Amino acid sequence: MSVPSKWNIARHWNESPRKGDFAPHLLLDEPCCFACGWFSERWKRATAQASWQRANLERAHITPSSLGGPDEASNLLLLCKPCHQESPDWTDPEQMARWVATRDDRPSKEVETFVAWVAAAERAPDFKDALASVVTEEEAAERVTELLRELLGRAGTHFGIGFSQGTRVAVLQAAADEINRHVQQASCEAAEPRSVDIQD
(Lines give C-alpha, C1' and ligand atoms only; values in the text may rest on other atoms or scores of the structure.)
Protein backbone atom coordinates (compact mmCIF):
# COMPACT_ATOMS: atom_id res chain seq x y z
CA MET A 1 0.00 0.00 0.00
CA SER A 2 1.36 3.42 -0.95
CA VAL A 3 1.60 6.32 1.49
CA PRO A 4 -1.34 8.75 1.13
CA SER A 5 -0.70 12.10 -0.53
CA LYS A 6 -0.48 15.23 1.61
CA TRP A 7 -3.79 16.34 0.13
CA ASN A 8 -5.52 13.10 1.14
CA ILE A 9 -4.07 13.37 4.66
CA ALA A 10 -5.31 16.96 4.96
CA ARG A 11 -8.78 16.00 3.68
CA HIS A 12 -9.00 13.08 6.09
CA TRP A 13 -8.21 15.24 9.13
CA ASN A 14 -10.41 18.09 7.93
CA GLU A 15 -13.37 15.72 8.12
CA SER A 16 -12.27 13.85 11.27
CA PRO A 17 -14.09 14.33 14.58
CA ARG A 18 -10.58 14.31 16.16
CA LYS A 19 -9.37 17.24 14.05
CA GLY A 20 -9.12 19.49 17.12
CA ASP A 21 -6.88 16.96 18.87
CA PHE A 22 -4.51 16.08 16.04
CA ALA A 23 -4.76 18.98 13.56
CA PRO A 24 -5.90 22.09 15.45
CA HIS A 25 -4.39 24.53 12.92
CA LEU A 26 -5.73 22.79 9.82
CA LEU A 27 -7.58 24.89 7.25
CA LEU A 28 -8.08 22.92 4.06
CA ASP A 29 -7.33 25.83 1.71
CA GLU A 30 -4.14 26.98 3.51
CA PRO A 31 -1.45 24.34 4.12
CA CYS A 32 0.26 24.48 7.50
CA CYS A 33 1.84 22.30 10.15
CA PHE A 34 -0.99 20.56 11.97
CA ALA A 35 0.72 21.03 15.35
CA CYS A 36 2.18 24.57 15.35
CA GLY A 37 0.54 26.30 12.38
CA TRP A 38 3.82 27.13 10.58
CA PHE A 39 3.35 27.85 6.87
CA SER A 40 4.90 29.62 3.92
CA GLU A 41 3.25 32.05 1.55
CA ARG A 42 5.28 30.44 -1.26
CA TRP A 43 3.24 27.24 -0.99
CA LYS A 44 0.16 28.93 -2.45
CA ARG A 45 -0.87 27.45 -5.80
CA ALA A 46 -3.96 27.64 -8.02
CA THR A 47 -5.77 24.90 -6.09
CA ALA A 48 -5.78 23.75 -2.47
CA GLN A 49 -4.64 20.29 -3.58
CA ALA A 50 -1.63 21.72 -5.44
CA SER A 51 -0.81 23.93 -2.45
CA TRP A 52 -0.78 20.95 -0.07
CA GLN A 53 1.42 18.97 -2.43
CA ARG A 54 3.83 21.95 -2.65
CA ALA A 55 3.92 22.44 1.13
CA ASN A 56 7.25 21.66 2.77
CA LEU A 57 5.62 19.46 5.42
CA GLU A 58 6.58 15.95 6.45
CA ARG A 59 4.33 12.95 6.90
CA ALA A 60 4.57 11.93 10.58
CA HIS A 61 3.13 8.70 11.94
CA ILE A 62 0.96 8.96 15.04
CA THR A 63 1.89 5.38 15.88
CA PRO A 64 5.29 4.80 14.21
CA SER A 65 5.49 2.15 11.51
CA SER A 66 8.33 0.58 13.51
CA LEU A 67 5.80 -0.01 16.30
CA GLY A 68 3.10 -1.40 14.00
CA GLY A 69 1.47 1.85 12.83
CA PRO A 70 -0.06 1.71 9.34
CA ASP A 71 0.65 4.04 6.40
CA GLU A 72 -2.92 5.34 6.40
CA ALA A 73 -4.24 8.91 6.51
CA SER A 74 -5.78 8.21 9.92
CA ASN A 75 -2.29 7.47 11.29
CA LEU A 76 -0.43 10.31 9.55
CA LEU A 77 -0.09 14.01 10.38
CA LEU A 78 1.57 16.74 8.34
CA LEU A 79 4.22 18.45 10.44
CA CYS A 80 7.03 20.92 9.90
CA LYS A 81 10.52 19.50 10.33
CA PRO A 82 11.05 20.73 13.94
CA CYS A 83 7.67 19.35 15.05
CA HIS A 84 8.31 16.03 13.32
CA GLN A 85 11.72 15.73 14.97
CA GLU A 86 10.27 16.42 18.41
CA SER A 87 7.07 14.37 18.12
CA PRO A 88 6.69 11.26 20.31
CA ASP A 89 7.37 7.78 18.93
CA TRP A 90 4.86 5.87 21.02
CA THR A 91 2.19 3.22 20.59
CA ASP A 92 -0.64 5.17 22.24
CA PRO A 93 -2.13 7.78 19.85
CA GLU A 94 -3.31 9.84 22.83
CA GLN A 95 0.29 10.69 23.64
CA MET A 96 0.57 12.36 20.22
CA ALA A 97 -2.67 14.28 20.87
CA ARG A 98 -1.29 15.49 24.22
CA TRP A 99 1.97 16.49 22.59
CA VAL A 100 0.16 18.43 19.81
CA ALA A 101 -1.81 20.32 22.48
CA THR A 102 1.45 21.57 24.05
CA ARG A 103 3.04 22.94 20.87
CA ASP A 104 3.67 26.67 20.71
CA ASP A 105 2.42 28.45 17.59
CA ARG A 106 5.03 29.45 15.03
CA PRO A 107 4.71 32.37 12.61
CA SER A 108 5.06 31.93 8.87
CA LYS A 109 8.39 31.08 7.29
CA GLU A 110 8.57 34.63 5.92
CA VAL A 111 8.08 36.21 9.36
CA GLU A 112 10.70 33.87 10.85
CA THR A 113 13.13 34.85 8.08
CA PHE A 114 12.52 38.55 8.74
CA VAL A 115 13.08 38.07 12.47
CA ALA A 116 16.29 36.15 11.73
CA TRP A 117 17.61 39.03 9.59
CA VAL A 118 16.76 41.54 12.32
CA ALA A 119 18.67 39.39 14.83
CA ALA A 120 21.60 39.17 12.39
CA ALA A 121 21.62 42.97 12.11
CA GLU A 122 21.95 43.15 15.90
CA ARG A 123 25.11 41.05 15.60
CA ALA A 124 26.47 43.21 12.77
CA PRO A 125 26.30 46.75 14.21
CA ASP A 126 28.61 48.04 11.47
CA PHE A 127 25.78 47.41 9.01
CA LYS A 128 23.37 49.66 10.91
CA ASP A 129 25.99 52.41 11.12
CA ALA A 130 26.84 52.07 7.41
CA LEU A 131 23.17 52.16 6.50
CA ALA A 132 22.67 55.32 8.53
CA SER A 133 25.52 56.97 6.60
CA VAL A 134 23.79 56.55 3.22
CA VAL A 135 20.10 56.58 4.12
CA THR A 136 19.59 60.14 2.89
CA GLU A 137 21.24 59.51 -0.50
CA GLU A 138 19.04 59.34 -3.55
CA GLU A 139 18.04 55.74 -4.41
CA ALA A 140 19.93 54.44 -1.37
CA ALA A 141 17.33 51.75 -0.65
CA GLU A 142 17.54 50.37 -4.18
CA ARG A 143 21.36 50.33 -4.15
CA VAL A 144 21.56 48.62 -0.74
CA THR A 145 18.93 46.07 -1.80
CA GLU A 146 20.89 45.27 -4.95
CA LEU A 147 24.12 44.99 -2.95
CA LEU A 148 22.48 42.55 -0.52
CA ARG A 149 21.14 40.46 -3.44
CA GLU A 150 24.61 40.33 -4.97
CA LEU A 151 26.21 39.29 -1.67
CA LEU A 152 23.55 36.62 -1.06
CA GLY A 153 24.38 35.26 -4.50
CA ARG A 154 27.91 34.62 -3.25
CA ALA A 155 26.75 32.93 -0.03
CA GLY A 156 26.25 29.21 0.52
CA THR A 157 23.37 27.51 2.27
CA HIS A 158 23.01 24.59 4.65
CA PHE A 159 20.93 21.68 3.37
CA GLY A 160 17.42 21.85 4.81
CA ILE A 161 18.14 25.14 6.59
CA GLY A 162 18.91 27.73 3.94
CA PHE A 163 21.04 30.66 5.07
CA SER A 164 22.51 30.08 8.51
CA GLN A 165 22.49 32.89 11.04
CA GLY A 166 26.28 33.14 10.71
CA THR A 167 25.90 33.60 6.95
CA ARG A 168 23.34 36.36 7.44
CA VAL A 169 25.74 38.18 9.78
CA ALA A 170 28.60 37.74 7.29
CA VAL A 171 26.46 39.13 4.44
CA LEU A 172 25.50 42.20 6.48
CA GLN A 173 29.11 42.75 7.58
CA ALA A 174 30.31 42.50 3.96
CA ALA A 175 27.57 44.96 2.96
CA ALA A 176 28.75 47.35 5.67
CA ASP A 177 32.31 47.12 4.31
CA GLU A 178 31.10 47.88 0.76
CA ILE A 179 28.92 50.78 1.88
CA ASN A 180 31.75 52.26 3.97
CA ARG A 181 34.11 52.02 0.96
CA HIS A 182 31.53 53.82 -1.15
CA VAL A 183 31.12 56.58 1.46
CA GLN A 184 34.88 56.99 1.85
CA GLN A 185 35.41 57.15 -1.92
CA ALA A 186 32.64 59.72 -2.32
CA SER A 187 34.12 61.75 0.51
CA CYS A 188 37.60 61.72 -1.08
CA GLU A 189 36.20 62.76 -4.46
CA ALA A 190 34.29 65.63 -2.88
CA ALA A 191 37.42 66.81 -1.05
CA GLU A 192 39.67 66.90 -4.14
CA PRO A 193 40.40 70.50 -5.20
CA ARG A 194 39.14 71.37 -8.62
CA SER A 195 41.25 73.32 -11.06
CA VAL A 196 39.78 76.65 -12.05
CA ASP A 197 40.36 78.03 -15.52
CA ILE A 198 41.30 81.68 -15.36
CA GLN A 199 40.73 83.49 -18.60
CA ASP A 200 42.57 86.65 -19.49
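What you are looking at is a predicted structure, and each value in this text was computed from that prediction instead of being measured.
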Going hydrophobic residue to hydrophobic residue with side-chain gaps under 4.5 angstrom, can you get from V134 over to L147?
-> yes

Should the heavy atoms of other residues, nucleotides or ligands under 6.0 Å from CD of E137 be counted, would the total exceed 12?
-> yes

Same cluster for V3 and W7 if Ile/Leu/Val/Met/Phe/Trp/Tyr side chains link at under 4.5 Å?
-> yes

Value for CG (L131) from CG (N180), rounded to nearest 0.5 Å, stands at 10.5 Å

Note: F39 and P31 closest approach over all heavy atoms is CB-O, 3.3 Å

Verify side chain to side chain contact (heavy atoms under 4.5 Å, CB included) between W90 and L67, making sure each step is shown before the conclusion.
-> CA-CA 8 Å; W90 199 251; L67 298 174; 5.6 Å; no

Between D89 and H61: side-chain donor-acceptor atoms closer than 3.5 Å | no

Given side chains that start at C-beta, do those of C80 and C36 come closer than 4.5 Å, heavy atoms only?
-> yes

Do W99 and E86 have a side chain donor and acceptor closer than 3.5 Å?
-> no

Calculate, to the nearest 0.5 Å, the distance between atoms NE2 and CG belonging to H182 and D177 respectively.
-> 14.5 Å

Measure from the side-chain N and O atoms of K19 to the backbone N and O of P24, and report whether any donor-acceptor pair falls under 3.5 Å.
-> no

Given the rule that I, L, V, M, F, W and Y join up when any side-chain heavy atoms are under 4.5 Å apart, are F127 and V169 in one cluster?
-> no

Ion pair check, E15 and R11, cut-off under 4.0 Å = no

Is the backbone of R45 close enough, under 3.5 Å, to the side chain of S51 for a donor and an acceptor to pair up by distance?
-> yes

In this structure, are over 12 heavy atoms from other groups packed under 6.0 Å from K109 atom NZ?
-> no

Mind listing the closest non-hydrogen atom pair of R59 and P4 along with its distance?
-> NE-O, 2.9 Å

Using the rule that two of Ile, Leu, Val, Met, Phe, Trp, Tyr join whenever any of their side-chain heavy atoms come within less than 4.5 Å, decide whether L152 and V144 are in one cluster.
-> yes

Do the non-hydrogen side-chain atoms of I9 and L77 ever get within less than 4.5 Å of each other?
-> no

With sequence neighbours excluded, give me every salt bridge (Lys or Arg N to Asp or Glu O under 4.0 Å) pair touching residues 21-43.
-> R18-D21

Any idea which heavy atoms bring A120 and R168 closest together, and the distance?
-> CB-CB, 3.6 Å

Does R181 come within less than 4.0 Å of E178, counting only side-chain N to carboxylate O?
-> yes

Any donor-acceptor N/O pair, K6 side chain to L78 backbone, under 3.5 Å = no

Can you check whether S5's main-chain N or O pairs, donor with acceptor, with Q53's side chain at less than 3.5 Å?
-> no

Interatomic spacing from CD in E139 to OG1 in T145 - rounded to 0.5 Å = 11.5 Å

Flag yes if more than 12 heavy atoms outside E138 fall under 6.0 Å of its CD atom; otherwise flag no.
-> no

Taking the side chain as every heavy atom from C-beta outward, state whether H12 and S74 have any atom pair closer than 4.5 Å.
-> yes

Would you kindly confirm whether L27 and V100 end up in one hydrophobic cluster when ILVMFWY residues are joined by side chain heavy atoms under 4.5 Å apart?
-> no

Roughly how far, to the nearest 0.5 Å, is CZ of F34 from CE of M96?
-> 11.5 Å

Which atom names give the shortest non-hydrogen contact between G156 and F163, and what distance separates them?
-> O-CD2, 3.6 Å

Contact check, side chains of R103 and C83, non-hydrogen atoms, under 4.5 Å | yes

Do W43 and L57 come close enough that some side-chain heavy atom pair is under 4.5 Å?
-> yes

Is there side-chain contact between L172 and R123, with heavy atoms separated by less than 4.5 Å?
-> no

Under 4.5 Å between any side-chain heavy atoms of W13 and L76, yes or no?
-> no

Between the side chain of N75 and the main-chain N/O of D71, is any donor-acceptor distance below 3.5 Å?
-> no

What's the shortest heavy-atom distance between C33 and H25, and which atoms?
-> O-CB, 3.7 Å

Answer yes or no: is there a side-chain heavy-atom contact under 4.5 Å between Q95 and D92?
-> yes

